[in-house]
Amino acid sequence: MIQQLWTAVDHYLNDTFVHSDAALTAALEAADAAGLPAINVAPNQGKLLHLLARVQGARSVLEIGTLAGYSTIWLARALPPGGRVITLESERHHAELARANLARAGVSRLVDVRIGAALDTLPRLAAEQLEPFDFYFIDADKQNIPAYFEWALKLGRRGSLIVVDNVIREGAVLDADSDDPSVRGVRRFNEMLAAEKRVSATAIQTVGAKGHDGFALVLVL
Ligand code: SAH
Ligand code: DHB
Ligand code: MG
């Protein structure tokens with residue numbers, strides 16, 4: 001019952017002013033047709049990522065966890081000319097579908113989809129010695145959130161913003177004794193935030209079409 005209400009409110013907000021366009025809708029339809037799980041961000045969450053990246057004036061974005069490129073499209077559309085998103089995806093068929101979706105959205109030029117487990121592709125990325133990333137969206141396997149956070153600090157700068165998805169999971173995060181690797185990953189990440197002097201962070205729980213979950217927002221000081 002309550003989930004139906006959350007979903008209805010999300011639909012109302014999205015229909016009223018979030019304005020998905022044909023390319024965003026087609027990306028979700030293509031993902032569904034290919035049998036990918038519907039674990040993309042919701043439209044209003046994608047718009048939040050887009051707005052955060054714009055507020056921050058982000059020119060370079062690193063996303064970990066591409067799926068079909070839905071969040072990637074929202075992020076790419078936040079960039080100024082010459083901006084770039086690098087997005088890391090372990091599943092080849094996800095990455096290939098993402099490339100098709102990004103092309104349909106007209107943002108291929110701005111996005112580099114890299115295939116491989118992120119813990120393998122991140123060291124290669126670091127070796128390229130690119131400019132620091134302005135914005136991160138961490139949304140891949142949850143057990144490795146602590147490692148991805150460390151990479152984000154390493155590849156970032158003062159003022160970089162790190163958004164981490166799925167840090168609440170219907171309150172599963174409360175279970176200190178959980179043996180679920182995802183829960184343990186999120187809790188370990190929270191402990192890192194508590195101890196890390198180089199960042200200022202918060203976390204927000206959300207309800208909506210995607211259930212009860214939440215995201216962390218981390219500013220590198
Ligand atoms: N950001 C996307 C959703 C990502 S879902 C959106 O909102 O539209 C999580 C993705 O992370 C899946 O496609 C999964 O294959 C990928 N993934 C899981 N483990 C990974 C790893 N170790 N390295 C890179 N990608 C991984
Ligand atoms: C899952 C992953 C996500 O990134 C998400 O937003 C929701 C669910 C999952 O792996 O189940
Ligand atoms: Mg997610």
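Position 1 is the first residue of the sequence; numbering continues from there. Ligands are counted one by one from 1 in listed order, and the atoms in each one are counted from 1 as well. Heavy atoms only: backbone and side chains are in, while hydrogens, waters and symmetry mates are out. Keep in mind it's a predicted model, so treat the numbers as computed, not measured.
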field: Part of Asn144 within contact of ligand 1 (heavy atoms, under 4.0 Å)
entry: neither

message: Treating Asp141 as the side-chain partner and Gln143 as the backbone partner, does any N or O pair qualify as donor plus acceptor under 3.5 Å?
response: no

query: Is it true that a side-chain atom of Tyr136 and a backbone atom of Phe149 form a donor plus acceptor pair closer than 3.5 Å?
result: no

- prompt: So, is Asn40 placed with an N/O/S atom under 2.8 Å from the Mg ion (ligand 3), counting both backbone and side chain?
  reply: no

- prompt: To which protein heavy atom is atom 21 (C) of ligand 1 closest, and what is the distance rounded to 0.1 Å?
  reply: Asp141 OD1, 3.5 Å

query: When you measure from atom 2 (C) of ligand 1 to every protein heavy atom, which one gives the shortest distance, and what is it?
result: Ser71 OG, 3.3 Å

query: What closest approach, in Å, do Leu67 and Ala98 show between heavy atoms, and which atom pair accounts for it?
result: O-CB, 3.6 Å

query: Got an N/O contact under 3.5 Å between Gly65 and ligand 1?
result: yes

query: For ligand 1, which atoms sit closer than 4.0 Å to a heavy atom of Glu91?
result: 15 (O)

- request: Please indicate whether any nitrogen or oxygen in Ile39 is less than 3.5 Å from any nitrogen or oxygen in ligand 1.
  value: no

- prompt: So which protein heavy atom does atom 6 (O) of ligand 2 come closest to, and at what separation?
  reply: Asn166 ND2, 2.7 Å

message: Under a 3.5 Å cutoff, is there a donor and acceptor pairing between the side chains of Thr72 and Glu63?
response: yes

field: Shortest protein heavy-atom distance from atom 11 (O) of ligand 2, along with the residue and atom involved
entry: Arg169 NH2, 3.1 Å

- request: Specify side chain, backbone, both or neither for Glu89, according to which of its non-hydrogen atoms lie closer than 4.0 Å to ligand 1.
  value: both

field: Check: Ser160 side chain, Arg157 main-chain N or O, donor-acceptor pair, under 3.5 Å
entry: yes

query: Which value, rounded to the nearest 0.5 Å, describes the distance between Asp139 atom CG and Glu89 atom CD?
result: 10.0 Å

field: Numbered atoms and elements of ligand 1 in range of Phe137, under 4.0 angstrom, heavy atoms
entry: 1 (N)

Ala117-ligand 1 polar pair, N/O distance under 3.5 Å: no

message: Check whether His50 reaches the backbone of Trp74 with its side chain - one donor and one acceptor, N or O, closer than 3.5 Å.
response: yes

message: Can you tell me which portion of Asp165 lies within the under-4.0 Å heavy-atom range of ligand 2? Options are side chain, backbone, both, or neither.
response: side chain

message: Ignoring hydrogens and geometry beyond distance, is a side-chain donor-acceptor pair present between Asn101 and Arg104 at under 3.5 Å?
response: yes

task: May I ask you to identify, for Lys142, whether its side chain, its backbone, both or neither come under 4.0 Å of ligand 2 on a heavy-atom basis?
output: side chain

Nearest-neighbour protein heavy atom for atom 3 (C) of ligand 1, which is reported as residue plus atom name and distance: Asp139 OD2, 3.2 Å

task: Test side chain to side chain contact (heavy atoms under 4.5 Å, CB included) on Val164 and Phe189 and set out the steps.
output: CA-CA 10 Å; Val164 183; Phe189 165 63; 3.7 Å; yes

- line: Nearest non-hydrogen protein atom to atom 7 (O) of ligand 1, with distance, is Val41 N, 2.9 Å

query: Between OD1 of Asp139 and OD2 of Asp165, what angle is found at the Mg ion (ligand 3), rounded to 10 degrees?
result: 100°

task: Please round to the nearest 0.5 Å and tell me the distance separating atom CG of Leu62 and atom CG of Leu88.
output: 5.0 Å

Taking atom 23 (N) of ligand 1 as the reference point, the nearest protein heavy atom with its distance: Ala118 N, 2.9 Å

message: Starting from atom 20 (C) of ligand 1, what is the nearest protein heavy atom, named by residue and atom, and what distance separates them?
response: Ser90 OG, 3.3 Å

query: If you look at every heavy atom in Gln3 and Gly211, which pair is closest and at what distance?
result: OE1-CA, 3.2 Å

- prompt: Does even one non-hydrogen atom of Gly69 get within less than 4.0 Å of ligand 1?
  reply: no

message: Please work out, at 4.0 Å between heavy atoms, whether the side chain, the backbone, both, or neither of Trp74 comes within that distance of ligand 1.
response: neither

message: For Val218, run the side chain to side chain contact (heavy atoms under 4.5 Å, CB included) check against Ile138, Leu193, Leu161 and tell me which one passes.
response: Leu193

- prompt: Can you find a side-chain donor-acceptor pair between Thr25 and Glu29 that sits under 3.5 Å?
  reply: no

task: Could you tell me which atoms of ligand 1, counted from 1 in the order shown, lie closer than 4.0 angstrom to a heavy atom of His94?
output: 12 (C), 13 (O), 15 (O)

